[in-house]
Amino acid sequence: MAELDTSRVRVSHSPHIHSGTKTSEIMKGVAFALVPAVAASIYFFRLDAVFPLITSIVASVLSEALFQKVMGKEIDLSDYSALVTGILVALVLPPGLPLFAVALGSIFAVVIGKQLFGGLGKNIFNPALIGRAFLVAAYPVIMTSWVDPVGVDAVTSATPLAAARFDGVMTPLWRLFVGNISGSLGETSALALLIGGLYLLYKGYADWRITLGGFSSLLVLSTVLWGINPSQFSQPLFHLLAGGFFIGAFFMATDPATTPITKSGRWIFGIGFGVLTIVIRTWGGYPEGVMFAILLMNAFTPLINRFTVPKPLGGG
Amino acid sequence: MARFLKYKNTKMVNIVQISGLNLQKLDRSKTKTKLEKRPPGDFVVIPLKDGFGSSLIPEVEAGDRVKIGQIIARDDGGVSTPVHSSVSGTVLDVSFMKYVHEETLGELPDEIIGVKVEVDRSFWEVEEVEEVNWEKLAPSEIRSSLYRNGVTSFGQTGIPSGHWSSFYDPSDVSDIIVNAVKSEPFTHHRVDFEGELEEFKHGLEIIARGYSEAKIHLAVDPEVQEALGDLSSSQRISVRSFQSEHPNGIDKVLARKILGGDQLDDGGFLMDYGILALDEVVPIHAYGAVVLDHPVSTTRVSLGGPEISNVVVEVPVGLSAGELLDGAQGYKEEDQVILGGPLTGRVMSSPEIPLGKSIPSLVLMKGPERSEVLAWLKPGSKKESFSRAFISSLLPNLDRELDSGIHGELRPCISCGYCTEVCPVDILPYQIYHTGSHDLVDEVNRLQPQRCVDCGLCAYVCPSKLPLSRVLEDAKWNQSPRVKNYVVYEKGEDKIEPSLPEGPNDNRGEAS
């Protein structure tokens with residue numbers, strides 16, 4: 001009988017096969033799902049989209065590597081999470097934002113929003129939204145200067161939500177859906193986000209419970225309000241298509257690291273996200289409520305996790 | 001009951017969603033069981049503890065002649081089952097040997113006595129015996145026959161026989177589940193349900209007669225059901241059909257599905273609830289034991305793997321695994337040999353492990369040392385992997401490698417929730433991992449890790465390649481999971497050696 005070279009044999013724990021899913025693959029999948037939105041933003045805003053995107057990606061990847069270097073960690077960019085953060089930061093910023101602000105936002109997102117918490121998977125808040133929240137607080141004026149998508153001349157105009165909120169002007173729904181409106185780079189075209197979002201759900205990279213919970217609670221609450229007083233409250237489809245709700249519901253609220261892990265917890269997260277969005281949009285100080293709705297729900301995530309531990313099979 | 005109904009929705013659907021693959025697809029070789037018989041080589045090493053029970057004291061010593069079927073060790077005072085010689089020949093040696101734990105298949109250090117018997121081929125024939133009409137036997141006589149012939153060592157807690165074969169009494173048994181569901185890839189039915197159908201059916205009836213108070217549930221997968229046909233001869237035997245999808249083949253999962261989950265509320269033995277789970281080979285053994293008075297002296301091992309031809313081999317108890325593998329087609333020396341299935345089994349560390357009743361299957365896979373060249377170029381973006389990461393093989397001095405054959409880098413948990421999605425008993429592997437890594441033992445216990453059925457699916461789907469099933473196993477035994485110790489380890493280090501306190505015979509004496 002042939003002798004086995006036992007030095008090569010490792011005693012290891014089961015399972016001995018693996019499904020082949022990889023963190024980096026999930027991240028790449030998210031980046032891939034953002035391609036339609038990126039393409040739409042470039043189509044509508046041309047160079048006002050291209051430069052922020054490049055700046056944001058470069059800044060976030062470099063700051064991730066630099067931070068890891070400074071902290072004495074192994075430099076590891078192969079999980080692609082910095083790339084995703086970079087794209088998302090650019091997509092939630094107004095087009096034509098000064099590039100130093102874009103870079104500052106993505107550096108803040110990566111360093112404060114993610115790495116200071118311990119890196120990938122340990123952050124409490126969605127990094128891209130942390131970056132945006134920082135810019136909103138630091139540069140309120142340039143963060144609310146919007147340009148119209150048509151043509152490259154910077155024409156300042158209000159976003160559909162601000163127009164509805166402050167001037168009572170309604171933007172046609174079909175324009176909201178296709179994206180020919182002013183607003184952040186990535187939130188203009190609901191259609192492009194829908195394509196990418198459905199891909200995410202199909203691949204299982206985003207949890208459908210959060211998305212569905214967000215959509216349904218937003219629609220239900222806004223329908224109730226609209227039913228009560230159509231002249232005071234915006235109609236449900238407008239809430240759905242305007243602003244950042246699509247990018248929030250598909251790409252931000254579904255970031256696994258900052259959302260609950262339990263199935264019921266994810267329903268709660270999604271529903272809370274939809275409700276808070278309407279509440280902030282209707283009664284809050286900002287015309288857009290998606291960002292703070294998600295950040296607030298992020299803060300509740302550990303609590304939701306704790307109280308939604310499922311009853312294990314066989315009672316408890 | 002509501003919980004039970006919910007549970008029936010197969011969780012495999014979720015895996016398909018998550019990773020785009022189905023474990024069953026992996027196993028392209030699924031064929032009808034073909035039994036091959038393998039005669040012993042020059043000698044066998046018979047472990048004196050096989051299956052459930054305590055290690056026995058040998059009744060033979062070096063130089064003794066033994067006959068096939070002769071009892072070579074017994075202990076009527078302790079909880080045990082007699083062990084029979086599987087060959088005829090001369091005892092060469094009685095000494096401690098390596099063997100495996102009967103349930104986890106984890107390797108035990110040299111603490112079990114083995115009897116090495118040199119095979120005498122001139123002394124080989126089995127005597128013809130007269131068939132016993134089992135229908136005339138009383139239940140206690142049937143159980144005695146099962147005990148005498150070594151059938152009772154099977155299962156997690158042995159088979160209660162009224163003798164000291166189990167901690168439980170035969171009257172404790174209220175349900176018997178005969179598990180004929182094969183759900184793990186590369187493992188096969190060890191009963192030829194076409195050729196041995198009569199024996200199998202008789203064996204079931206015999207068991208039903210031996211435990212006249214108990215209900216018999218035969219759990220089958222579609223393959224068996226097809227061969228089985230109609231089995232309505234006995235009122236007390238009910239057949240339940242399950243898909244051959246992991247983790248359906250696990251006893252505890254079947255018990256929950258058949259009997260409802262509500263009564264099985266902790267991680268104890270199924271027998272605590274009066275449930276006796278039997279492997280599909282037990283009816284065959286019971287038939288041999290009761291009708292032919294044949295002791296269990298052979299064992300059936302299913303041999304499978306992605307690159308070898310898949311067979312079920314009947315070998316005398318005590319043939320070494322290495323001897324069996326030598327004859328296997330497609331077996332390569334550097335292959336990793338797994339005792340049990342690829343999702344739940346253990347890697348065999350030594351080819352000298354004798355094949356006993358406790359080892360149902362061997363699965364051969366590419367070892368972690370064998371990196372696939374250009375594996376990432378192969379078609380199909382989603383495929384199971386057995387080799388080390390492509391990057392790791394490019395960067396040999398990265399000084400980091402991964403446990404078992406898991407492909408890719410270990411990464412932090414991103415809370416993707418795949419593990420909770422696939423968990424068949426609805427516990428939260430991720431939460432247990434997190435709280436465990438902070439030594440929050442009470443918090444870990446709150447999450448009830450003892451309910452884990454060791455299916456391994458959480459680690460199978462984890463995109464961060466976390467050793468979740470291992471964490472759960474630690475947590476199950478109310479230990480603080482040793483997460484930190486084995487997440488990343490240096491090359492060449494023996495990473496599963498527990499850090500025991502230093503003994504008194506160190507250099508400390510010299511220093512003082």
Side-chain angles (χ1 to χ4, degrees), chain A residues 1-27 74 76 78-79 81 118-123 201-209 255-263 265-266 301 305-306 308-316, chain B residues 3 7 17-19 21 107 256 261-262 264-265 322-323 326 333-334 336 338 342-347 349-351 365 367-369 382-386 403-408 411-417 420 425-428 430-431 447-448 451 456 459-461 463-464 467 469-470 496:
Chain A
M1 166 193 150
E3 281 297 312
L4 275 187
D5 179 5
T6 44
S7 67
R8 294 165 64 94
V9 180
R10 286 187 173 278
V11 183
S12 60
H13 201 282
S14 59
H16 306 286
I17 52 174
H18 190 269
S19 62
T21 52
K22 282 186 259 184
T23 305
S24 52
E25 211 154 88
I26 296 178
M27 293 296 172
E74 196 182 319
D76 183 9
S78 57
D79 56 37
S81 63
L120 179 67
K122 309 230 171 42
N123 47 313
L201 295 186
Y202 168 74
K203 292 294 261 184
Y205 297 153
D207 198 305
W208 56 274
R209 294 178 188 88
D255 168 24
T258 57
T259 51
I261 185 127
T262 57
K263 292 168 202 170
R266 289 182 168 182
T301 293
N305 267 340
R306 197 179 157 80
T308 54
V309 173
K311 199 174 128 200
L313 184 85
Chain B
R3 300 287 308 169
Y7 185 66
Q17 282 172 358
I18 284 168
S19 58
L21 58 86
E107 216 152 288
R256 285 173 161 92
D262 291 353
L264 306 166
D265 59 356
E323 253 177 292
D326 263 351
E333 253 182 70
E334 65 269 29
Q336 185 167 249
I338 295 157
L343 281 135
T344 58
R346 300 297 165 101
V347 171
S349 72
S350 154
M365 295 202 152
E369 307 289 314
K382 289 281 165 51
K383 58 186 185 299
E384 289 82 2
S385 53
F386 317 98
D403 205 345
S404 88
I406 287 173
H407 199 139
R411 292 190 188 283
C413 172
I414 54 162
S415 319
C416 63
T420 58
V425 288
D426 286 342
I427 54 177
L428 303 175
Y430 140 99
Q431 286 281 60
L447 297 165
Q448 313 197 31
R451 291 165 188 279
Y460 175 78
V461 297
S464 298
S469 56
R470 187 163 180 174
I496 59 162

Set of residues satisfying side chain to side chain contact (heavy atoms under 4.5 Å, CB included) with respect to A:T308, sequence neighbours excluded: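 So A:T308 forms a side chain to side chain contact (heavy atoms under 4.5 Å, CB included) with A:T262, A:S264, A:I268, A:I304.
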Is chain B contacted by the side chain of [X], its backbone, both, or neither, given a heavy-atom distance below 4.5 Å?
{"X": "A:L120", "result": "both"}
{"X": "A:N305", "result": "both"}
{"X": "A:R306", "result": "both"}

Largest heavy-atom contact set with chain B, pairs under 4.5 Å, which of A:G121, A:G119, A:P256: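 Looking at each of A:G121, A:G119, A:P256 in turn, A:P256 comes out on top.
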Point-to-point distance, once rounded to the nearest 0.5 Å, from CD1 of A:I261 to CG of B:L428: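 The CD1 atom of A:I261 sits 7.5 Å away from the CG atom of B:L428.
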Name of the residue among B:S415, B:P412, B:C413 meeting side chain to side chain contact (heavy atoms under 4.5 Å, CB included) with A:K122: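 The passing option is B:P412.
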